[in-house]
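Some notes on the structure that comes next.
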Amino acid sequence: NAGVMQNPRHLVRRRGQEARLRCSPMKGHSHVYWYRQLPEEGLKFMVYLQKENIIDESGMPKERFSAEFPKEGPSILRIQQVVRGDSAAYFCASSQDIPSTDTQYFGPGTRLTVL
Amino acid sequence: KNQVEQSPQSLIILEGKNCTLQCNYTVSPFSNLRWYKQDTGRGPVSLTIMTFSENTKSNGRYTATLDADTKQSSLHITASQLSDSASYICVVSSGGGGSQGNLIFGKGTKLSVKP
């Protein structure tokens, strides 16, 4: 059973470009979470999705950021018109059950660098 | 306000020594507490998850304790190895449903094990 997969592992964008980060949850997991981690900082929750639905997006910036988890295919975190402050590691996690009771399994992360 | 505070912020120990990391929380209601290990450049990996009724849980050389009365948890590492060098993150769930907002992350303790 493959773990949570994220791609790309490293992504370089220039200011103003779009960044698309992909996450494939563990097999059998229908709950997906996105986190952002700045250097030397803790993980910050962004959004929680369950197949085709956004359950909690309280950690998402109001502009430029969006996330989806379609019926088929990976979850996508999309950042439009990136700025230097978006440079960070973005982690995806998945769980089989609701987050309050079930362990989340994390992917290896995508390191976004905005030039 | 729900918060998770970890101490120390960073710690350096010699290989073979034991150490204890602390986690204090002010999360209510309480559902469970988790410890994660995050190697540099990798995603967090779950070590333990404890519910209200559990005082101690072990995973190899890692032993987590929980005092729900004082709202404190510790992670004890026995006979440290170089591979234990990582950040250790305490996460508390306040339960109450599926909202990810119920998971509160600490900033982590950065442990360095020196030969």
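Letters A, B, ... are given to chains in the order of the sequence lines, protein chains preceding strands, and every chain is numbered from 1.
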Atom [atom1] of [X] with >12 non-hydrogen neighbours under 6.0 angstrom:
X: B:Lys17; atom1: NZ; value: no
X: B:Glu15; atom1: CD; value: yes
X: A:Arg15; atom1: CZ; value: no
X: B:Tyr25; atom1: OH; value: yes

*Give every residue pair that meets the salt bridge (charged side-chain N to carboxylate O under 4.0 Å, His left out) criterion with at least one member in residues 78-90 of chain A, sequence neighbours excluded.*
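Listed once each, the pairs are A:Glu18-A:Arg78, A:Arg64-A:Asp86.
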_Quick check: do B:Arg42 and A:Phe91 have side-chain heavy atoms less than 4.5 Å from each other?_
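When only atoms from C-beta onward are counted, A:Phe91 and B:Arg42 do not touch, as no gap falls below 4.5 Å.
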*Heavy-atom pairs under 4.5 Å with chain B are the metric here; pick the option from A:Glu41, A:Lys44, A:Gln37 that has the most.*
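With the most close heavy-atom pairs to chain B, the winner is A:Gln37.
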Same apolar cluster: [X] and [Y], side chain cutoff 4.5 Å:
X: B:Ile13; Y: B:Tyr88; answer: yes
X: A:Leu112; Y: A:Met5; answer: no
X: A:Leu115; Y: A:Tyr90; answer: no
X: A:Val83; Y: A:Met60; answer: no

*chain A contacts: which residues in residues 106-115 of chain B have a non-hydrogen atom closer than 4.5 Å to it?*
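Residues B:Lys107, B:Lys110 are the ones that qualify, each having a heavy atom under 4.5 Å from chain A.
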*Under 3.5 Å: donor-acceptor pair, side chain of B:Tyr36, backbone of A:Gln104*: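 Yes: the side chain of B:Tyr36 pairs with the backbone of A:Gln104.
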*For B:Gln6, is it the side chain, the backbone, both or neither that has a heavy atom under 4.5 Å from a heavy atom of chain A?*
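Nothing of B:Gln6, per the 4.5 Å heavy-atom cut-off to chain A.
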*asked:* Would you compute the distance between atom CZ of A:Phe106 and atom CD1 of B:Ile89 and round it to the nearest 0.5 angstrom?
replied: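 It comes to 7.0 Å.
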*Is it the backbone or the side chain of A:Gln6 that comes under 4.5 Å from a heavy atom of chain B, or both, or neither?*
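Interface part for A:Gln6: neither.
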